[in-house]
Number of protein chains: 2
Amino acid sequence: MNCISCDCKSQLFSLLTDEELDMVQKNRVNVVFRPGETIRKQGTAMTHVISVNRGLAKLYLEGIENRNAILRLVKPTNFIGGPGIYLDMMHHYSVTALMESSVCFIDIHVFKKIIKQNSLFSDEFMKDFSRNTLAAYNRLINLTQKQMPGRMADTLLYLFHEIFQCNKFPMLISKQDLADHSAMSKDSAVKVLRGFQNDAIIRITDNEMILLDDEAMKKISRIG
Amino acid sequence: MNCISCDCKSQLFSLLTDEELDMVQKNRVNVVFRPGETIRKQGTAMTHVISVNRGLAKLYLEGIENRNAILRLVKPTNFIGGPGIYLDMMHHYSVTALMESSVCFIDIHVFKKIIKQNSLFSDEFMKDFSRNTLAAYNRLINLTQKQMPGRMADTLLYLFHEIFQCNKFPMLISKQDLADHSAMSKDSAVKVLRGFQNDAIIRITDNEMILLDDEAMKKISRIG
DNA sequence: TATTAACATTGATATATATCAACATTTCTT
DNA sequence: AAGAAATGTTGATATATATCAATGTTAATA
């Protein structure tokens, strides 16, 4: 496999010249993770950035007393950098696979070198970084100013519309994960989801979740 | 007043050459705001970045139903950019003066031009941006995983140690502001502060707040 | 298949937090 | 100085949320 012909590299890397891609090619390593395996661990040294080729993973902050806050899910062909790149070369969040996932680790020094020499690339990197920061601001508002049904509705709308882009998705994500993305306890998450099912807004079967009433869900998101 | 000799410009700008500073000089405007005046308004077009020369201001997200989330306070010689620079050239947060404040507005095109040509400057800009993003991550954990006393303790420790760097500070910040920084209602903020006073952790007089027991405050921050 | 371990569910209860209403104080305006 | 407006304060009450305990279900493993 070759970076130049690879069609599952992050959009960021399509801005590179063949020469630059060749440099990436020589300084990357591809790894396949199984569900539950840790791709990145918060608090460890950052030696590589990541391009997700295949699969799905959760990106989360490890908080207080083993509680996690899931910031977002990552899927092909997302790029995973992080604020440590320019700060302290540490990982400030963890990433764990939710299904079998193939990712490329790219040496951070090569990455930084290319940032300096290719301004199209660095502009797009800044855009990606800015989008993530803005998303964090929105999370902050939603998680602190809405109550549980509104927060869970935000999480589900995110999954249906942004991650899976479909009105049904396979239940690769646990109830605990849904709770961790919505800043509530697992018990509360289960109860809120039960309410949504009773109101025929979603249906949850053994292996998938189906969005039955998008309008109702959006309304719950709005009114908090 | 001249940017080259100015000793209250943001540290960022000390990395510029005299030539670059001259360009800044020709494309900046200095404005003095009085307490309560809006320096930046969320949702409007971003035409300038800001360097704070004198004073104190609150930087906040405008949330749901007129509720605000204060992200941080800005003081001399902070730089104020924001995720809009590389995204959509819009302001994603508002900034309001808490006391008489003098700030310089620097044309964003000039700013972007210098970013491209001076890598010391762009590296330091990235550091500043990353620090703010990391701070937002920490806020997200503290605000969603701690209860009210822990959140208020975080707010007060931030004010004493990071903003004023003193065990007392003038009450330029209202109870509503303290509530908005701690993600709680004003009523609740008043009650939590009353509790801290009853436990002799702080003292609040007409015009200042005094930290009496730093250890106790840190403990409340820890145990949430 | 038996056995654990992880994950899910539910109702009851306790706790945290917001809201409300009434009032006090300060600040601003005329 | 008077009035109005903003801000601060408090206790009572209602609501939201977490925790707990009991139990069920599914998935991993021997």
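Letters A, B, ... mirror the listed sequences (proteins, then strands); counts begin at 1. As a basis for the values below, the full set of heavy atoms in this structure was taken, side chains included, without hydrogen atoms, waters or symmetry mates.
Residues Asp214(B) and His161(B) have side chains that bring a donor and an acceptor to within less than 3.5 angstrom of each other. The closest side-chain donor-acceptor pair between Gln11(B) and Thr77(B) falls under 3.5 angstrom. When only modelled atom types and interatomic distance are considered, Asn30(B) and Ser102(B) share a side-chain donor-acceptor pair under 3.5 Å. For the residue pair Arg139(B) / His181(B), a side-chain donor-acceptor distance below 3.5 Å is found, with atom types taken as modelled.
Ring geometry, Tyr86(B) versus Phe125(B): the interplanar angle falls from 30° to 60°, so the pair is classed tilted. Taking the six-membered ring for Trp and thresholds of 30 and 60 degrees, Phe105(B) and His48(B) have ring planes more than 60 degrees apart, a perpendicular arrangement.
A cation-pi arrangement is found for Lys58(A) relative to Tyr60(A), the charged atom lying closer than 6.0 Å to the ring centre and inside a 45° cone about the ring normal.
When the C1' atom of dT25(C) is taken as reference, atom CD1 of Ile204(B) falls 15 Å away, rounded to whole Å. The interatomic distance linking Asp177(A) (CG) with dA6(C) (P) rounds to 16 Å, in whole Å. For the pair Gln176(A) CD and dA6(C) P, the interatomic distance rounds to 14 Å; values are reported in whole Å. Taking atom NZ of residue Lys175(B) and atom C1' of nucleotide dT9(D), one finds them 9 Å apart after rounding to whole Å. When the C1' atom of dG8(D) is taken as reference, atom CE of Met171(B) falls 10 Å away, rounded to whole Å. Look at CG on Asn198(B): it is 12 Å from P on dT9(D), rounded to the nearest Å.
Note that the two end axes of the helix from dT1(C)-dA30(D) to dT30(C)-dA1(D) enclose an angle of 50°, each drawn from 5 base pairs, rounded to 10 degrees.
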Determine, for nucleotides 14-30 of chain D in 5'-to-3' order, which nucleotides have protein heavy atoms under 4.0 Å from the base (write B), from only the sugar-phosphate (write S), or from neither (write -).
--SSBBBB---------
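Taking all atoms of both residues into account, the shortest heavy-atom contact from Ser221(A) to Asp154(A) is OG-OD1, 2.6 Å.
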